[in-house]
**Student:** 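For reference, the structure I am asking about is given below.
Everything quoted here is computed from the prediction, not taken from an experiment. Every chain is numbered from 1, with letters handed out A, B, ... down the list of sequences.
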Number of protein chains: 2
Amino acid sequence: MCENAGMDDVRWLNDDELKAWTRLVAVVELLPGVLDSQLRRDSRLTNYEYFVMARLSEAPGMVLRMSELAARTNATLPRLSHVVRRMEERGLVERRPCPEDARATNAYLTDRGWATIQEAAPAHVENVRRHVFDALTPQQVGQLTAIADALLEKLDPDGLIAVRTADVRTGRPVERD
Amino acid sequence: MCENAGMDDVRWLNDDELKAWTRLVAVVELLPGVLDSQLRRDSRLTNYEYFVMARLSEAPGMVLRMSELAARTNATLPRLSHVVRRMEERGLVERRPCPEDARATNAYLTDRGWATIQEAAPAHVENVRRHVFDALTPQQVGQLTAIADALLEKLDPDGLIAVRTADVRTGRPVERD
DNA sequence: GCACATTGGTTGACGCAACAACTTATGCGG
DNA sequence: CCGCATAAGTTGTTGCGTCAACCAATGTGC
């Protein structure tokens with residue numbers, strides 16, 4: 001029925017692409033769960049919460065504006081706002097108005113937050129290694145970087161959200177994630 | 001403080017791995033949103049709902065046991081159960097007890113469901129192509145398949161959930177996803 | 001300096017996913 | 001066949017993410 005609906009010039013996926021797509025979708029579906037469950041079990045943390053603290057911990061003064069923190073954690077502002085509120089209630093971070101711009105809010109990593117992520121880091125990194133990098137050759141690691149980079153260019157063209165800036169290698173204390 | 005807690009033999013990530021990890025996390029975070037928002041906007045469907053119908057549509061008779069469908073969509077049974085209930089209320093699928101095993105439930109794709117996915121497919125595939133495969137060289141597509149395959153071996157060792165079986169290329173009608 | 005758009009951020013409502021508890025049916029050992 | 005373990009699904013609760021609405025502060029044109 002209705003053989004074409006004005007958009008029959010669809011560029012369908014060929015066999016190779018279909019295979020890659022199936023695998024990619026599976027990874028995207030399964031990876032978050034693997035990360036979350038380990039962190040939840042061992043450290044009462046979400047993967048995203050860990051990520052937030054990791055970004056804060058490597059920022060000078062362990063402070064970042066909310067919008068900057070959102071960008072560095074690949075999240076929207078509302079999402080971050082909710083997460084930070086919950087984390088603040090647990091004493092992991094602290095929010096204070098920004099002196100230079102009264103609209104802005106600064107998020108600080110507290111001592112308790114710093115201690116928490118330090119304790120959580122080893123097991124988390126070990127988990128990442130076991131589930132990801134133990135499976136890849138050094139060559140594949142390079143390929144993965146190039147591929148993910150290419151995808152990010154399409155997924156977040158203007159770099160509005162994504163963390164292509166993660167080269168900001170502050171040689172600060174720990175490098176766990 | 002407390003320099004080692006009995007687990008200081010952590011295999012931290014080196015620079016290359018860290019770079020790859022940052023990119024991969026960003027992709028995993030951003031990709032679902034890109035897929036969901038297009039399907040929600042154009043077809044009132046979740047990406048996962050689309051995936052469910054796609055798997056059903058390529059099954060013989062457009063029927064699958066719930067547990068089999070869950071495995072093929074990389075999901076847990078509770079998750080699928082909720083989703084299918086909602087889809088049934090919208091007339092996209094139908095649930096009927098399995099004759100051979102009274103415990104089991106068969107999920108059927110309805111005519112309405114079939115029509116829905118046929119309408120949704122072109123725009124969805126176009127979206128996938130624009131955000132993913134347009135960014136990759138044919139060589140990278142192959143690399144991605146190998147990498148994702150290696151990861152899946154670690155993420156789902158026993159193949160309990162993942163779709164390594166997606167080579168079941170039923171040359172059926174459409175191949176959209 | 002005064003409208004007005006824009007930026008930065010928060011809040012509330014709603015939807016979906018994870019987890020645990022529960023129900024029912026099957027299979028198996030004796 | 002009877003008791004028990006296991007398999008297949010469903011359901012309820014709880015927590016997180018998204019979206020839209022909102023508020024406050026900044027800046028900009030005139």
Side-chain angles (χ1 to χ4, degrees), chain A residues 28-41 44-52 63-90 93-108 158 160-161, chain B residues 28-41 44-52 63-90 93-108 158 160-161:
Chain A
V28 166
E29 200 74 51
L30 296 181
L31 187 51
V34 168
L35 301 176
D36 269 330
S37 64
Q38 180 272 321
L39 276 171
R40 272 198 152 293
R41 177 167 43 81
R44 302 275 172 181
L45 284 176
T46 297
N47 178 48
Y48 181 70
E49 290 171 341
Y50 179 95
F51 206 67
V52 165
V63 194
L64 283 174
R65 268 191 171 84
M66 288 292 285
S67 49
E68 180 62 22
L69 184 54
R72 296 197 188 186
T73 56
N74 317 307
T76 61
L77 211 32
R79 178 184 180 187
L80 179 65
S81 186
H82 281 140
V83 170
V84 165
R85 176 178 46 71
R86 291 188 290 258
M87 292 177 73
E88 196 170 22
E89 289 168 359
R90 288 192 280 157
V93 298
E94 203 179 320
R95 271 184 302 186
R96 300 175 54 185
C98 175
E100 298 117 344
D101 187 339
R103 294 172 296 181
T105 305
N106 282 330
Y108 296 73
D158 306 325
L160 294 178
I161 299 183
Chain B
V28 167
E29 200 74 52
L30 296 181
L31 186 51
V34 168
L35 301 177
D36 269 328
S37 65
Q38 180 272 322
L39 276 171
R40 273 200 152 289
R41 176 168 44 83
R44 300 275 173 182
L45 285 176
T46 297
N47 178 48
Y48 180 70
E49 290 171 341
Y50 178 95
F51 205 67
V52 165
V63 194
L64 283 175
R65 270 191 169 83
M66 289 292 285
S67 49
E68 181 61 23
L69 184 53
R72 295 196 190 186
T73 56
N74 317 308
T76 61
L77 210 33
R79 178 185 179 187
L80 178 65
S81 185
H82 281 137
V83 170
V84 166
R85 176 179 47 73
R86 290 189 290 259
M87 292 176 73
E88 195 171 24
E89 291 166 359
R90 288 192 280 158
V93 300
E94 202 178 321
R95 272 183 301 185
R96 300 175 55 184
C98 175
E100 299 115 345
D101 187 340
R103 296 173 296 181
T105 305
N106 282 330
Y108 295 75
D158 306 326
L160 295 177
I161 300 183

**Student:** Without decimals, in angstroms, what is the distance between B:Leu39 CG and C:dC16 C1'?
**Tutor:** 16 Å
**Student:** State which of D:dG9, C:dC16, C:dG8 makes the closest approach to the side chain of A:Ser67.
**Tutor:** C:dG8
**Student:** Contact list please: residues 77-89 of chain A against DNA chain D, heavy atoms, distance less than 4.0 Å, in numerical order.
**Tutor:** A:Pro78, A:Arg79, A:His82, A:Val83, A:Arg86
**Student:** Tell me if the CZ atom of A:Arg85 is crowded by more than 12 foreign heavy atoms within 6.0 Å.
**Tutor:** yes
**Student:** Rounding to an integer number of Å, can you tell me how far B:Met66 CE sits from D:dG9 C1'?
**Tutor:** 7 Å
**Student:** Measuring from atom CZ of A:Arg95 to atom OG of A:Ser81, what distance do you get when rounded to the nearest 0.5 angstrom?
**Tutor:** 5.5 Å
**Student:** Using side-chain heavy atoms (C-beta onward) and a distance below 4.5 Å, is A:Met87 in contact with A:Glu94?
**Tutor:** no
**Student:** Identify which nucleotide among C:dA18, D:dA8, D:dC16 has an atom closest to any side-chain atom of B:Thr76, counting heavy atoms from C-beta outward.
**Tutor:** C:dA18
**Student:** What nucleotide, of C:dG9, D:dC16, D:dA7, holds the atom closest to the side chain of A:Ala104?
**Tutor:** C:dG9
**Student:** Below 4.5 Å, heavy atoms only, C-beta onward: do A:Pro97 and A:Thr105 meet side chain to side chain?
**Tutor:** no
**Student:** Is it the case that over 12 heavy atoms from other parts of the model lie below 6.0 angstrom from the CZ atom of B:Arg96?
**Tutor:** no
**Student:** List the atom of A:Leu80, the atom of A:Ala70, and the distance in Å for their closest heavy-atom pair.
**Tutor:** CD2-N, 3.5 Å
**Student:** So which atom in B:Thr46 and which in B:Leu39 form the shortest heavy-atom distance, rounded to 0.1 Å?
**Tutor:** O-CD1, 4.1 Å
**Student:** Write down the distance between CG (B:Leu45) and C1' (C:dC16), rounded to a whole number of angstrom.
**Tutor:** 15 Å
**Student:** Between D:dC19 atom C1' and B:Asp36 atom CG, what is the distance in whole Å?
**Tutor:** 13 Å
**Student:** Would you mind checking if B:Arg90 and B:Glu49 are paired as a salt bridge, meaning a charged N to carboxylate O distance below 4.0 Å?
**Tutor:** yes
**Student:** If you assign A:Arg65 and B:Tyr48 each to the DNA chain C nucleotide with the nearest heavy atom, which residue ends up on the more 5' nucleotide?
**Tutor:** A:Arg65
**Student:** Specify the separation, in whole Å, of atom CG of B:Asn47 and atom P of D:dT18.
**Tutor:** 14 Å
**Student:** Does D:dT10 have OP1 or OP2 sitting under 4.0 Å from an N or O in the side chain of B:Arg95?
**Tutor:** yes
**Student:** Only pairs at least two apart or in different chains count here, so list each side chain to side chain donor-acceptor pair (under 3.5 Å) that has a residue in residues 29-39 of chain B.
**Tutor:** A:Arg79-B:Glu29, B:Gln38-B:Asp42
**Student:** Spell out yes or no: do the side chain of A:Arg103 and the base of C:dT7 have one donor N/O and one acceptor N/O closer than 3.5 Å?
**Tutor:** yes
**Student:** Can you check the B:Glu100 CD to C:dG27 P distance for me, whole Å?
**Tutor:** 12 Å
**Student:** Shortest non-hydrogen contact from B:Leu69 to B:Ala107?
**Tutor:** CD2-CB, 4.2 Å
**Student:** Which of these nucleotides, D:dA8, D:dT26, C:dT10, is closest to any side-chain atom of A:Thr105?
**Tutor:** C:dT10
**Student:** Distances under 3.5 Å only, N/O to N/O: pair up the protein atoms with those of nucleotides 1-5 of chain D.
**Tutor:**
none

**Student:** Relative to the 5' end of DNA chain D, which residue comes earlier, B:Ser37 or A:Glu49, by the nucleotide with the nearest heavy atom?
**Tutor:** A:Glu49
**Student:** Separation of B:Arg40 atom CZ from C:dC14 atom C1', in whole Å?
**Tutor:** 10 Å
**Student:** Nearest whole Å is fine: how far is D:dA8 P from B:Asp101 CG?
**Tutor:** 8 Å
